[in-house]
Amino acid sequence: MATSDKEIVKEIPRKSERFSDWYTAVLLKSDMVDYSPVRGCMVVRPYGWAIWEGIQSWLDREFKKTGHQNAAFPLFVPESYLKKEAEHVEGFAPQVAWVTHGGDDELGERLAVRPTSEAIIMPMYAKWIQSYRDLPLLILQWGSVVRWEKATRLFLRTTEFFWHEGHTAHQTQQEADDECRLILDIYKRLLEDVLAIPVLTGRKTDSEKFAGADWTYTLEALMPDGQAIQAGTSHFLGQNFAKAFDVKFLDRDNTEKYVWTTSWAVTTRLIGSLVMQHGDNRGLALPPRIAPVQVVIVPIRHEQTPAVLARARALAASLGEGVRVKVDDRDEFTPGWKFNDWEMRGVPLRVELGPKDLDKNQCIFAARDGEGGKRAVSLDGFAAAVVAELDAIQARMYARAKSYLEAHVVTPRSLDEAIEMIKERQGFVRVPMSKDQRAEEALRDASGGSPRVVTDEPAAGACLVTGAPAEMIVYYARAY
RNA sequence: CGGGGCGUAGCGCAGCUCGGCAGCGCGUCUGCUUUGGGAGCAGAAGGCCGCCGGUUCAAAUCCGGCCGCCCCGACCA
């Protein structure tokens, strides 16, 4: 863009120099969130929530297409229920918030504020499932959960966070695993096609899997500071919860069997990833498919030239329901101020329209991702030009993120090199390893990173840590 | 949870060492002039100086405690 961003966007630190400060400033200045009086809890303001609504509505369509139904389960989990699955309670116990009183009366049994809802949903499934004809049961709920965190960061880790959690029960192991993969694919399309965040997908190592799961599928993105972020998970729970909560069904062969269950989630953390992935020194940059405002039309000198504003409104209307457009007719700001303001808020496409443009039957397009510069576009065929531009911006943003990811998957030749690469946050460090838990721990301890994902690519050669035959490819990174 | 930093007008900050009328810039309000990359002039409003306690004639300033936020580490979506 024409002007140096240093002069234009005040009060936002440079992304490359002070990444954490930049991140916080962008969220606050764009009015996405604010701090609340409650420690570790944030307020999601309308602009931030609109992004979440975009994620919700896209996922809702996909979930319904695949036969899932929404429902709502209690916020509270009686302590005795939470304790039924041993590994599960052990994993979550340190982070549980407890309700001990109702009014002035001490409760007979403490209630956990749900850190996740398996323990309150499974007992219901036990009631509802009698026969194989009741399966599969495909339910999710949208809501929030609470995990008591020691250190919090806006969107990335807060005490309360918003998510959906899917909980399904199936007749066979295969069917449950297929469900996990189906969900993983939906998440992958959400991340890549909508949010323009490329991901690596695969499984977690045993040490990183969900507490109570047999295995966990994960999506891992790479942020511009070289740190990985878990973008979503899909857990194959085997029969662990079925056994703990006695969820059985009578199969075709007239024998009683435990169901196979899954659970899966993405959270408002995705919004944090979105901001980090695409933002720049000027503030937010949102991919068109998720931007609450996709196009802003800034009329120039419209107070002196009423025809400008009238035409701006007509153009906005011509875009129809399919495009989220706003005409910025505020008279208290100059055009230049509005340009900066909307750029800071990440609006993908700005259209400038002034008296000179009207004379020439044109307007000016300025794409937020900066690669288009400014260009004149004829008002004939305006709507089609806008749609094409939004598609182009979406594609460019994904391509840029994708090439960043690809450039930051690095392959070490030795253990020492792997440790250095992880420490230096070079990205996803690709390590052939044996399945020996001690190898995993050794690299974790030495590097300060963690195993993020095991892809399904075949392993060859020797384990980089132990020298034994490699059995899997593990991608290590420092992580959020 | 450790180490470091911060908390003063809506926002960004100065003042604190060395106690003595609470300031600056931006924003807000009024008016006029302006409007193609954060406009100009003039006037005005706006404060439990994070909270609680202590020292003192007097506390934003010194002392103690607490709360919150940020950064860097250890644990977690």
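Numbered from 1 within each chain, the chains take letters A, B, ... in sequence-line order.
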>> If I pick the P atom on B:U28 and the same atom on B:G10, what distance separates them, to the nearest angstrom?
In response: 14 Å
> Is there a Watson-Crick or G-U wobble partner for B:C1 with both distances under 3.5 Å, and which nucleotide is it?
Replying inline: B:G73
>> Side chains of A:Ser450 and A:Glu208 only: does a donor on one sit below 3.5 Å from an acceptor on the other?
In response: no
> Any luck finding a side-chain donor-acceptor pair between A:Asp185 and A:Tyr217 under 3.5 Å?
Replying inline: no
>> So A:Gly272, base contact, sugar-phosphate only, or nothing? Heavy-atom distance under 4.0 Å.
In response: nothing
> Can you tell me how far P of B:G68 sits from CE of A:Met42, to the nearest Å?
Replying inline: 18 Å
>> Over all strands shown, is A:Pro355 touching base, sugar-phosphate only, or nothing at heavy-atom distances under 4.0 angstrom?
In response: base
> B:A44 and B:U35: how far apart are their P atoms, nearest whole angstrom?
Replying inline: 28 Å
> Between A:Asn340 (CG) and B:U35 (C1'), how many Å, whole number?
Replying inline: 15 Å
> Within the structure shown, what part of the strands sits under 4.0 Å from A:Lys356 by heavy-atom distance: base, sugar-phosphate, or nothing?
Replying inline: base
> So which nucleotide does B:C49 pair with, by the Watson-Crick or G-U wobble rule with both distances under 3.5 Å?
Replying inline: none
> Which base sits across from B:U34 as a Watson-Crick or G-U pair, both distances under 3.5 Å?
Replying inline: none
>> Using the salt bridge (Lys or Arg N to Asp or Glu O under 4.0 Å) criterion, which residues pair with A:Glu160? Sequence neighbours excluded.
In response: none
> Can you check the A:Phe333 CZ to B:C26 C1' distance for me, whole Å?
Replying inline: 12 Å
> Any sub-3.5 Å donor-acceptor pair from A:Thr262's side-chain atoms to A:Cys180's backbone N or O?
Replying inline: no
>> Please give the distance between the C1' atoms of B:A22 and B:C49 as a whole number of Å.
In response: 8 Å
Are any protein N/O atoms closer than 3.5 Å to N/O atoms in nucleotides 43-47 of chain B? If there are, list each pair with its distance.
none

>> One character per nucleotide, please: for nucleotides 71-77 of chain B, 5' to 3', B when the base has a protein heavy atom closer than 4.0 Å, S when only the sugar-phosphate does, - otherwise.
In response: SSSB-BB
> Does the side chain of A:Arg425 pick up a donor-acceptor pair with the side chain of A:Gln227 at under 3.5 Å?
Replying inline: yes
> Nearest-Å distance, CG (A:Leu28) to C1' (B:C70)?
Replying inline: 11 Å
> Between A:His167 and A:Tyr125, is the gap from one ring center to the other below 6.0 Å?
Replying inline: no
> Using atom C1' of each nucleotide, how far apart are B:C75 and B:G38 to the nearest Å?
Replying inline: 43 Å
>> In whole Å, I'd like the distance from the CG atom of A:Asp31 to the C1' atom of B:C11.
In response: 11 Å
> Expressed in angstrom and rounded to an integer, what is the separation of A:Asp331 atom CG from B:C29 atom P?
Replying inline: 11 Å
>> Near RNA chain B, counting only heavy atoms under 4.0 Å, which residues of residues 297-317 of chain A show up?
In response: A:Ile300, A:Arg301, A:Glu303, A:Gln304
> In whole angstroms, how far is the P atom of B:C26 from the CE atom of A:Met344?
Replying inline: 19 Å
> What's the shortest heavy-atom distance between A:Ala97 and A:Trp148, and which atoms?
Replying inline: CB-CE3, 3.8 Å
>> Does the Lys NZ or Arg CZ of A:Arg350 fall within the cation-pi geometry relative to A:Phe339 - under 6.0 Å from the ring centre and within 45° of the axis?
In response: yes
>> Give me the distance, rounded to whole Å, that separates B:G68 from B:C21 when you measure between the P atoms they each carry.
In response: 33 Å
>> Side-chain N or O of A:Thr334 versus OP1/OP2 of B:A39: is the shortest distance under 4.0 Å?
In response: yes
> Does the side chain of A:His235 pick up a donor-acceptor pair with the side chain of A:Thr216 at under 3.5 Å?
Replying inline: yes
> Can you tell me how far P of B:C11 sits from OH of A:Tyr35, to the nearest Å?
Replying inline: 13 Å
>> Would you say A:Thr205 and A:Glu440 are linked by a side-chain donor-acceptor pair, where the criterion is simply a distance under 3.5 Å?
In response: yes
> What interatomic distance, in whole Å, is found between C1' of B:A42 and the corresponding atom of B:C52?
Replying inline: 45 Å
>> Please report the distance separating the C1' of B:G12 from the corresponding atom of B:G2, rounded so that it comes out in whole Å.
In response: 31 Å
>> If I pick the P atom on B:C71 and the same atom on B:G15, what distance separates them, to the nearest angstrom?
In response: 24 Å
> Under 6.0 Å from the six-membered ring centre of A:Trp215 and within 45° of its axis: does the NZ or CZ of A:Lys209 meet both?
Replying inline: no
> Does B:G43 have a Watson-Crick or wobble mate here (both distances under 3.5 Å), and if so which one?
Replying inline: B:C29
>> Under the rule for salt bridge (Lys or Arg N to Asp or Glu O under 4.0 Å), what residues qualify as partners of A:Arg114, not counting sequence neighbours?
In response: none
>> Considering only residues two or more places apart or on different chains, which pairs with a residue in residues 268-298 of chain A satisfy ring pair (Phe, Tyr, Trp, His ring centres under 6.0 Å)?
In response: none
> So which nucleotide does B:G12 pair with, by the Watson-Crick or G-U wobble rule with both distances under 3.5 Å?
Replying inline: B:C24
>> Please report whether the ring centroid of A:Phe76 lies less than 6.0 Å from that of A:Tyr81.
In response: no
